[in-house]
Amino acid sequence: VQLQASGGGLVQAGGSLRLSCAASGRTFSSYDMGWFRQAPGKEREFVAVISWSGSSTSAADSVKGRFTVSRVNAKNTVYLQMNSLKPEDTAVYYCAATKVGLSRRSVSYDYWGQGTQVTVSS
């Protein structure tokens, strides 16, 4: 599975962005898909994950109620809708694929996209 994230950019605090992650390969629908982020000088952290069917999701407490993960298997694409953005959401955002159900651990993920920069100004 090859993954390509897009949709990042510069936005003011309180604004919204939608990230997309396009996958190649016919096995996309068999993977749970996660989003992680890494800010400068910090470790990569879990953001959200969606099950292979799209029926279950899980999100970090720091983004719960503001970020929503979704997917369209027919389009081999997973999305991260980010609302009410804060300066502390500034990071490079990565999508990743795992066979481990709704995992929050980066080591569980087999495939990673290249990352897309999100910058939130105050």
Side-chain angles (χ1 to χ4, degrees):
V1 177
Q2 291 186 321
L3 305 173
Q4 176 133 10
S6 62
L10 174 63
V11 63
Q12 289 188 331
S16 298
L17 280 175
R18 187 176 80 157
L19 305 184
S20 299
C21 176
S24 64
R26 289 181 288 181
T27 60
F28 169 77
S29 60
S30 68
Y31 286 86
D32 286 16
M33 296 296 297
W35 287 95
F36 290 78
R37 67 186 182 185
Q38 188 166 19
K42 294 187 177 181
E43 293 187 354
R44 189 171 297 187
E45 66 173 354
F46 167 78
V47 175
V49 61
I50 186 167
S51 63
W52 63 270
S53 66
S55 61
S56 298
T57 63
S58 180
D61 288 345
S62 59
V63 306
K64 202 170 290 183
R66 300 188 298 122
F67 292 11
T68 302
V69 59
S70 62
R71 67 190 295 164
V72 179
N73 284 343
K75 294 185 176 181
N76 276 12
T77 304
V78 62
Y79 303 97
L80 185 67
Q81 178 66 44
M82 305 186 296
N83 299 329
S84 302
L85 282 161
K86 305 175 181 179
E88 52 262 44
D89 295 319
T90 295
V92 177
Y93 283 70
Y94 299 89
C95 59
T98 181
K99 289 284 192 177
V100 179
L102 294 176
S103 177
R104 294 183 170 214
R105 302 175 67 235
S106 60
V107 295
S108 299
Y109 287 75
D110 301 310
Y111 302 99
W112 291 83
Q114 85 288 2
T116 184
Q117 176 72 47
V118 171
T119 303
V120 184
S121 63
S122 57

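The basis for the numbers below is simple: all heavy atoms, side chains too, and nothing from hydrogens, waters or symmetry mates. Keep in mind that this is a model prediction, so the values were computed, not measured.
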Check: S55 side chain, S53 main-chain N or O, donor-acceptor pair, under 3.5 Å: no

With R71 via side-chain hydrogen bond (donor to acceptor under 3.5 Å, both in side chains) - residues at least two apart: N73

Sequence neighbours excluded, every pair satisfying disulfide (SG to SG under 2.5 Å) that has a member inside residues 78-122: C21-C95

N83 versus S16, closest heavy-atom pair with distance: OD1-OG, 2.9 Å

Listed once per pair and sorted, the side-chain hydrogen bond (donor to acceptor under 3.5 Å, both in side chains) pairs that draw on residues 111-122, sequence neighbours left out: Q117-T119

Closest approach of V118 to L17 (non-hydrogen atoms, all atoms of both residues): CG1-CD1, 3.9 Å

Co-membership, hydrophobic cluster, residues Y93 and V78, 4.5 Å side-chain: yes

Contacts of K86 that satisfy side-chain contact (heavy atoms from CB on, under 4.5 Å) - sequence neighbours left out: R66, E88, D89

Sequence neighbours excluded - disulfide (SG to SG under 2.5 Å) pairs with any residue from residues 60-93: none

A23 to V1 - nearest heavy-atom pair and separation: CB-CG1, 4.2 Å

Over all atoms of both residues, closest heavy-atom pair of A97 and Y31: CB-CD2, 3.8 Å

Smallest separation among heavy atoms of L102 and I50, with atom names: CD2-C, 4.0 Å

Closest heavy-atom pair and its distance - T98, D110: CA-OD2, 4.4 Å

Pairs touching residues 92-108 that satisfy salt bridge (Lys or Arg N to Asp or Glu O under 4.0 Å), sequence neighbours left out: none

Heavy-atom side-chain proximity of F36 to F46 below 4.5 angstrom: yes

Minimum side-chain heavy-atom gap F67-L19 below 4.5 Å: no

Face-on cation placement of R18 at Y79 ring, 6.0 Å and 45° thresholds: yes

